[in-house]
Q: 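This structure is in structure tokens; I'll ask about it shortly.
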Amino acid sequence: GQTLPPERWLEAAERLETVFPLIARILDRMDGDGRGKEDAEAFMSDAMLALISLRFVGTCASDHCRFIAIPKKESGEK
């Protein structure tokens with residue numbers, strides 16, 4: 001599998017940290033089911049968990065995390 005240097009994990013966290021609140025605002029404004037605020041809050045909770053995870057990997061565990069390519073399924077496979 002492919003590994004990434006710690007700096008890349010931390011850079012990804014920084015970039016996502018700026019994008020996540022924008023997505024939450026979109027969810028809040030869409031409010032298709034009357035639960036826009038709740039959806040935005042749930043999304044931000046998940047986003048914070050993702051940011052914490054990215055920062056942990058970048059700080060403590062980048063040498064233990066690998067990306068492994070998953071082959072595409074042939075059409076018709078489940």
Side-chain angles (χ1 to χ4, degrees):
Q2 176 188 5
T3 61
L4 298 172
E7 302 81 31
R8 183 63 186 98
W9 292 95
L10 298 173
E11 180 183 314
E14 286 179 30
R15 289 181 179 177
L16 290 171
E17 186 173 27
T18 61
V19 173
F20 285 157
L22 300 173
I23 296 170
R25 272 187 241 136
I26 291 168
L27 290 171
D28 189 22
R29 289 182 184 148
M30 285 175 53
D31 198 19
D33 58 0
R35 298 174 53 187
K37 184 173 178 62
E38 184 180 330
D39 292 342
E41 289 173 357
F43 174 80
M44 282 306 296
S45 292
D46 293 344
M48 297 311 317
L49 179 60
L51 290 174
I52 291 166
S53 300
L54 285 168
R55 289 189 175 117
F56 175 80
V57 170
T59 305
C60 304
S62 64
D63 55 334
H64 299 289
C65 294
R66 302 194 187 308
F67 289 97
I68 299 172
I70 299 174
K72 290 184 179 181
K73 292 181 180 180
E74 298 290 327
S75 61
E77 281 187 56
K78 290 186 178 186

Q: Are Phe56 and Leu10 linked, directly or through other ILVMFWY residues, by side chains that come within less than 4.5 angstrom of each other?
A: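 In one cluster: no.
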Q: Which heavy atom in Pro6 sits nearest to a heavy atom in Gly58, and how many Å separate them?
A: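 So the minimum-distance heavy-atom pair works out to CB-O, 3.0 Å.
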Q: Can you tell which of Ile26, Asp31, Asp28, Asp33 makes a side chain to side chain contact (heavy atoms under 4.5 Å, CB included) with Asp39?
A: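 For Asp39, the side chain to side chain contact (heavy atoms under 4.5 Å, CB included) test succeeds with only one of Ile26, Asp31, Asp28, Asp33, which is Asp33.
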Q: Please, which pairs that meet side-chain hydrogen bond (donor to acceptor under 3.5 Å, both in side chains) have at least one residue in residues 17-26, sequence neighbours excluded?
A: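 Qualifying pairs: Glu17-Arg55.
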Q: Would you compute the distance between atom NZ of Lys37 and atom CG of Leu27 and round it to the nearest 0.5 angstrom?
A: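 Spacing of NZ (Lys37) from CG (Leu27) equals 13.0 Å.
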Q: Closest heavy-atom contact between Ile68 and Gly1?
A: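 Scanning both residues, the minimum pair turns out to be CG1-CA, 4.0 Å.
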Q: On a heavy-atom basis, which atom in Trp9 and which in Leu4 lie closest, and how many Å separate them?
A: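 It is NE1-O, 3.5 Å.
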Q: Cut-off 3.5 Å, no hydrogens considered: what does the side-chain donor-acceptor table look like for residues 40-53, sequence neighbours left out?
A:
from	atom 1	to	atom 2	distance (Å)
Ser45	OG	Glu41	O	3.2
Ser53	OG	Leu49	O	2.9

